[in-house]
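Computed from a prediction, not measured in an experiment: that's the story for all the values here.
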Amino acid sequence: MTTPTETAQAAQAAGAARDAGTAQAAETAHAAETAQAAQPDTTARWREVAAATGPADRPAAEAGVRLAYRLAGLPEPERVVWAGSPREGAALAARLTADGKAGRSVREAVRTRPWAAVRERVLDRLGPAGWAGHWALTGTQLWDGATTLTERIRTGVVEASAAEEAGGEQAVRLVLLDAVLGQHDAAWLAAFDGQDGADTLDGIVAVARAAGWWWPYEKTAVVCERPVELHRDEAGRLDRGDGPALAFPDGFALYAWRGMPVPAEFLAELAGLTPARIREEENAELRRVMLEHYGYDRYLEESGAEPVQRDEAGVLWRIELDGDEPLVMVEVVNSTPEPDGTHRVYWLRVPPRVRTAREGVAWTFGLEEADYTPQRET
């Protein structure tokens, strides 16, 4: 049987537990409010880091590399080697590891484990809902742009390097897995900035603020310069019509029009475009770029085109050509919006016998008009 004294003691203990829980909840809420107030400035600073161009601060970057090793409990690298771009960095990393001069990769110790530990600590402190809100105000703001740019760089490195490296494309992709993304890790670094325990990432932060991608190995660290040029549209996509959208000091560059990769020589043609050249282009994506640059209205006016029919599939245009069969095209609108909310317009060349836009779209799929019944158009 429980005595009154025991009951009172139990009540006191329960009250103390409630008070402790309330105090902890209040502390968590206060920390979340304080962090939220600082988030816009933090995110803006890291947005600038992600988009930074120009020469790296080499002394600061090298100091950051050595600090990252020490914080991971590792000896500092024997040397830091610089590369002009991620392409050159990947090539250097591959060559040094093959020659045995770099040692094993220490990315797991330098980046992955401390990264995971900080994330777990922040998640435990904020809770799932608090972390989701914190991430929405920090990392999410930078994630899409940084991820898209990173993937474009990776693809560009693979395409430019695969033929030169022993082992081809697979070897290049494996080397890229060893890279720390420097300034392009801005989304995560914005989320961790100022959080309890994040000082274990101080070395990684220092490199991100001073340089580009880098490869941490046991004996050698390979660090890349930042881009010298970065051009993007209002939706954050790589975009430039008269040169590289992204360029590094060693000449490695990516060319793009509103996010779509294009060959460098293709852009050189845009200034001298004519309706005839546009009609000759067989690649639908490149033809779309030509039409966007030239202007749809201008193209149709100068080509003598006439809209002859329209239906739910698009608009059928027809241009009579001297000494040749008529040029017949279907104007279609992509139902999936772009990141900026606009919808891409495509022009599909179809046989002169086509009499409706629907028949023309069906023909591009190898179908008769009666058999073309898309459940969902993209």
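The existence of a salt bridge linking E359 and R353 is confirmed by a sub-4.0 Å separation between a basic side-chain nitrogen and an acidic carboxylate oxygen. Note on R58 versus E62: no salt bridge recorded, every NZ/NE/NH1/NH2 to OD/OE distance being 4.0 Å or above. Remark: E281 does not engage R287 in a salt bridge, criterion side-chain N to carboxylate O under 4.0 Å.
Taking hydrophobic clusters as Ile, Leu, Val, Met, Phe, Trp and Tyr residues chained together by side-chain heavy-atom distances below 4.5 Å, Y372 shares a cluster with W363. In the hydrophobic clustering of this structure, L71 does not group with V80; members are Ile, Leu, Val, Met, Phe, Trp, Tyr whose side-chain heavy atoms approach within less than 4.5 Å, directly or through other members. Placement of L201 and L67 in two distinct hydrophobic clusters is found when ILVMFWY residues are connected by side-chain heavy-atom separations under 4.5 Å, directly or transitively. Linking Ile, Leu, Val, Met, Phe, Trp and Tyr whenever their side-chain heavy atoms come within less than 4.5 Å puts I319 and L291 in one cluster.
If you take OG1 on T147 and CG on L142, they are separated by 10.0 Å, rounding to the nearest 0.5 Å. Of the inter-residue distances, the one linking R232 atom CZ with L238 atom CG reads 7.5 Å to the nearest 0.5 angstrom. Put simply, OG1 on T200 and CZ on F192 are 9.0 Å apart, with the number rounded to the nearest 0.5 Å. For the atom pair Y217 OH and R79 CZ, the distance stands at 12.5 Å (nearest 0.5 Å). Annotation: the span from Q195 atom CD to T42 atom OG1 amounts to 9.0 Å, rounded to 0.5 Å. One finds the CD1 atom of I204 at 6.0 Å from the CH2 atom of W214 (value rounded to the nearest 0.5 Å).
Between V175 and A94, the shortest heavy-atom contact is CG2-CB, 3.8 Å. Nearest heavy atom pair, residue G84 against residue F248, reads O-CB, 3.5 Å. Between V222 and A83 the shortest heavy-atom distance is CG1-CB, 4.4 Å. Across all their heavy atoms, A211 and V223 have their closest contact at CB-CG1, 3.8 Å. Residue Y69 comes nearest to P75 through the heavy atom pair CD2-O, 3.2 Å, listed as atom of the first residue, atom of the second, then distance. Across all non-hydrogen atoms, the minimal contact from P249 to E225 is CG-CB, 3.8 Å.
Partners of R104 according to the side chain to side chain contact (heavy atoms under 4.5 Å, CB included) rule, which considers only residues two or more places apart in sequence or in another chain, are V106, E218. Remark: R154 engages E151 in a salt bridge (charged side-chain N to carboxylate O under 4.0 Å, His left out) (not counting sequence neighbours). Taking the side chain to side chain contact (heavy atoms under 4.5 Å, CB included) definition, one finds that D199 meets it with D202, sequence neighbours left out. Annotation: salt bridge (charged side-chain N to carboxylate O under 4.0 Å, His left out) contacts of E108 (sequence neighbours excluded): none. For the side chain to side chain contact (heavy atoms under 4.5 Å, CB included) test, residues two or more places apart in sequence or in another chain that qualify with A247 are V228, E229, P244, A253.
Panel note: side chain E369, backbone A362; no donor-acceptor pair is recorded below 3.5 Å. In this structure a side-chain-to-backbone donor-acceptor pair under 3.5 Å is present from Q183 to A52. No donor-acceptor distance shorter than 3.5 angstrom exists from the side chain of R107 to the backbone of P216, with no hydrogens or angles considered. Side-chain atoms of W257 do not come within 3.5 Å of backbone N or O of L267 as any donor-acceptor pair. Judged by distance alone, with hydrogens and angles left aside, the side-chain atoms of R344 form no donor-acceptor pair with the main-chain N or O of T336 at under 3.5 Å. Not a single donor-acceptor pair under 3.5 Å links the side chain of T148 to the backbone N or O of G145. In terms of modelled atom types and a separation under 3.5 Å, the side chain of Q141 and the main chain of A136 share a donor-acceptor contact. Using modelled atom types, one side-chain atom of R355 and one backbone atom of P352 make a donor-acceptor pair closer than 3.5 Å. In terms of modelled atom types and a separation under 3.5 Å, the side chain of H134 and the main chain of A191 share a donor-acceptor contact. The main-chain N or O of M329 is never found under 3.5 Å from a side-chain atom of R349 such that the two would form a donor-acceptor pair.
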- Residue pair D193, T138: steps toward the side-chain contact (heavy atoms from CB on, under 4.5 Å) verdict: CA-CA 9 Å; D193 195 336; T138 54; over 6 Å; no
- Task: Would you check, one step at a time, whether the test salt bridge (charged side-chain N to carboxylate O under 4.0 Å, His left out) holds for E78 with K101?
- Result: CA-CA 10 Å; E78 296 172 6; K101 297 178 180 178; over 6 Å; no
- Task: Evaluate the criterion salt bridge (charged side-chain N to carboxylate O under 4.0 Å, His left out) for residue pair D99 and K219; output intermediate values, then yes/no.
- Result: CA-CA 12 Å; D99 294 343; K219 302 175 183 177; over 6 Å; no
- Query: Checking salt bridge (charged side-chain N to carboxylate O under 4.0 Å, His left out) for the pair E338/R258: CA distance, chi angles, key distance, verdict?
  - Reply: CA-CA 10 Å; E338 295 298 303; R258 298 181 183 175; over 6 Å; no
- For the pair R70 and R66, evaluate side-chain contact (heavy atoms from CB on, under 4.5 Å) and give the outcome as yes or no after the intermediate values. CA-CA 6 Å; R70 294 197 303 273; R66 300 184 189 283; 3.8 Å; yes
- Start with the C-alpha distance between L254 and I153, add both sets of side-chain angles, then the distance that settles side-chain contact (heavy atoms from CB on, under 4.5 Å), and finish with yes or no. CA-CA 8 Å; L254 301 177; I153 293 173; 4.2 Å; yes
- Query: Taking it one step at a time, do W213 and L176 satisfy side-chain contact (heavy atoms from CB on, under 4.5 Å)?
  - Reply: CA-CA 10 Å; W213 294 19; L176 288 172; 4.1 Å; yes
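Side chains of R152 and L246 form no contact here, defined as non-hydrogen atoms less than 4.5 Å apart. Side-chain contact between W215 and S105 is absent, with no heavy atoms from C-beta onward closer than 4.5 Å. For the pair V328 and L316, the minimum side-chain heavy-atom distance is below 4.5 Å.
For W188 and W135, the gap between ring centers is short of 6.0 Å.
When each of Q309, R310, E331 is paired with W317, the side-chain contact (heavy atoms from CB on, under 4.5 Å) condition holds for E331 and for no other.
Here L177 sits in one hydrophobic cluster together with L174; the rule is ILVMFWY side chains under 4.5 Å apart, joined directly or through other members.
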